[in-house]
Amino acid sequence: MEAWCFVKMEYIRFGNMFPPPEASERPYLIDRDPFPIIEGLYYVGNLWCASHLIDTGEGLILLDVPCASGYPGLLYNIQKLGFRADDVKYIVVSHAHTDHYGCVNALVRRTHAKTFLGAVDARDMLGHPERTKALDAGLGPYNEPFVPDVLLEDGDVIELGRIRMRCVLTPGHTAGVMSHFWDMEADGRTVHVGIYGGAGYGSLSAEGLKRFGQPLSMQKTFLESIEKVWDEPVDLMLGNHPFHSDEYQKHLRSLTEEGNPFLDSTEWRRFLRELREGFQKFLTYTPEQMDALFGRSHLMEYYGEAAGLL
């Protein structure tokens with residue numbers, strides 16, 4: 001069954017995709033088993049927050065982690081794949097929102113992994129604790145900012161083992177979003193992997209920007225960031241939320257279809273086009289239309305019972 005048939009509502013990928021109240025209160029309800037994407041690359045996140053594990057041959061890179069409440073599920077998934085949490089050497093965070101860094105401190109306490117975050121976001125996160133606290137409201141206990149070991153600048157490269165990960169500053173979703181690109185060998189060829197670091201735009205309304213102390217110019221910046229990475233020759237697109245790239249649905253398809261559904265060199269631009277056009281339409285919405293779009297969670301509607309995931 002095709003991945004997009006599960007998406008029933010307009011712009012659902014970028015609307016209110018927070019877990020519904022019952023899942024927020026019992027986070028294990030959105031835990032699911034991990035799965036391989038290509039050799040050396042694995043999905044270890046949950047239905048809401050993506051975490052990707054990369055085996056570099058000289059240790060593991062973990063790209064994004066869930067909220068603190070997702071820590072047990074993350075550890076379980078890493079171990080279920082046959083790895084040890086102690087093998088995680090680097091934790092790379094795409095942007096300074098709790099659903100991507102919430103359990104960093106807990107994980108570092110056990111693994112002593114080195115942490116990476118964009119310098120712009122690090123300064124913003126640590127310099128405005130009141131904003132961080134407001135963003136964390138309702139996301140459960142123990143979420144806390146972290147002090148990154150490495151502050152990433154635009155164009156920096158993270159190297160470990162056979163992986164050279166290029167970091168590209170793509171602000172908008174936050175002031176310091178980093179997108180990441182690297183090559184891996186799969187199916188006898190080199191695969192260029194890409195992940196857009198922050199695609200949601202619910203906070204980019206004029207009211208939302210004002211509420212969180214961001215300039216209105218961030219709307220233009222968001223569109224400029226899409227153009228900045230438009231020409232990346234991505235063969236395999238990941239999302240920092242699984243619904244941005246239909247990762248669970250692709251996995252289910254991989255169990256019954258020939259070939260690898262994750263390998264699709266056309267998806268990158270399709271996604272960026274959907275993101276750009278959705279955002280441009282979003283900017284024309286009245287406050288009432290925005291309230292309708294973000295008033296309740298669409299997460300479980302996106303997956304639907306037909307996906308075999310609920």
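For clarity, every value in this text was computed on a predicted model and none was experimentally measured. Numbers here are sequence positions counted from 1.
- Under the 30°/60° scheme for interplanar angles, the aromatic rings of His244 and Phe271 are found to be tilted.
- Classification of the Trp48-Phe18 ring pair by plane angle, with boundaries at 30° and 60°, yields tilted.
- The aromatic rings of Phe35 and His251 sit parallel, their planes meeting at an angle under 30°, below the 60° perpendicular limit.
- Using a 4.0 Å cut-off between a side-chain N of Lys or Arg and a carboxylate O of Asp or Glu, Asp264 and Arg270 qualify as a salt bridge.
- For Tyr43 and Tyr248, the ring centers are positioned less than 6.0 Å apart.
- Ring geometry for His95 against His100 counts as tilted: the plane angle lies between 30° and 60°, on a 0 to 90° scale.
- Taking a cutoff of 4.0 Å between a charged side-chain nitrogen and a carboxylate oxygen, Arg253 and Asp246 do not qualify as a salt bridge.
- Between Asp231 and Arg269 there is a salt bridge, since a side-chain N of the basic residue sits under 4.0 Å from a carboxylate O of the acidic one.
- Summarising the geometry, atom OH belonging to Tyr42 is positioned 10.0 Å from atom CD1 belonging to Ile37; distances are rounded to the nearest 0.5 Å.
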Inset, instruction - Any chance you could lay out the side-chain hydrogen bond (donor to acceptor under 3.5 Å, both in side chains) test for Asp149 and Thr115, step after step, and finish with the verdict? - result: CA-CA 5 Å; Asp149 297 307; Thr115 57; 3.2 Å; yes
Inset, instruction - Would you please test Leu62 and Val44 for side chain to side chain contact (heavy atoms under 4.5 Å, CB included) and show each step? - result: CA-CA 9 Å; Leu62 189 56; Val44 292; 3.9 Å; yes
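- Salt bridge annotation for Glu227-Arg276: present, with a cationic side-chain nitrogen under 4.0 angstrom from a carboxylate oxygen.
- Only one option out of Val88, Val92, Ile91, Leu53 pairs with Ile61 in a side chain to side chain contact (heavy atoms under 4.5 Å, CB included); it is Val92.
- The neighbour count for Lys228 NZ, taken as heavy atoms of other residues, nucleotides or ligands under 6.0 Å away, is above 12.
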Inset, instruction - Output, in order, the C-alpha distance, side-chain angles, deciding distance and verdict of side-chain hydrogen bond (donor to acceptor under 3.5 Å, both in side chains) for Asp183 and Thr190. - result: CA-CA 6 Å; Asp183 290 337; Thr190 299; over 6 Å; no
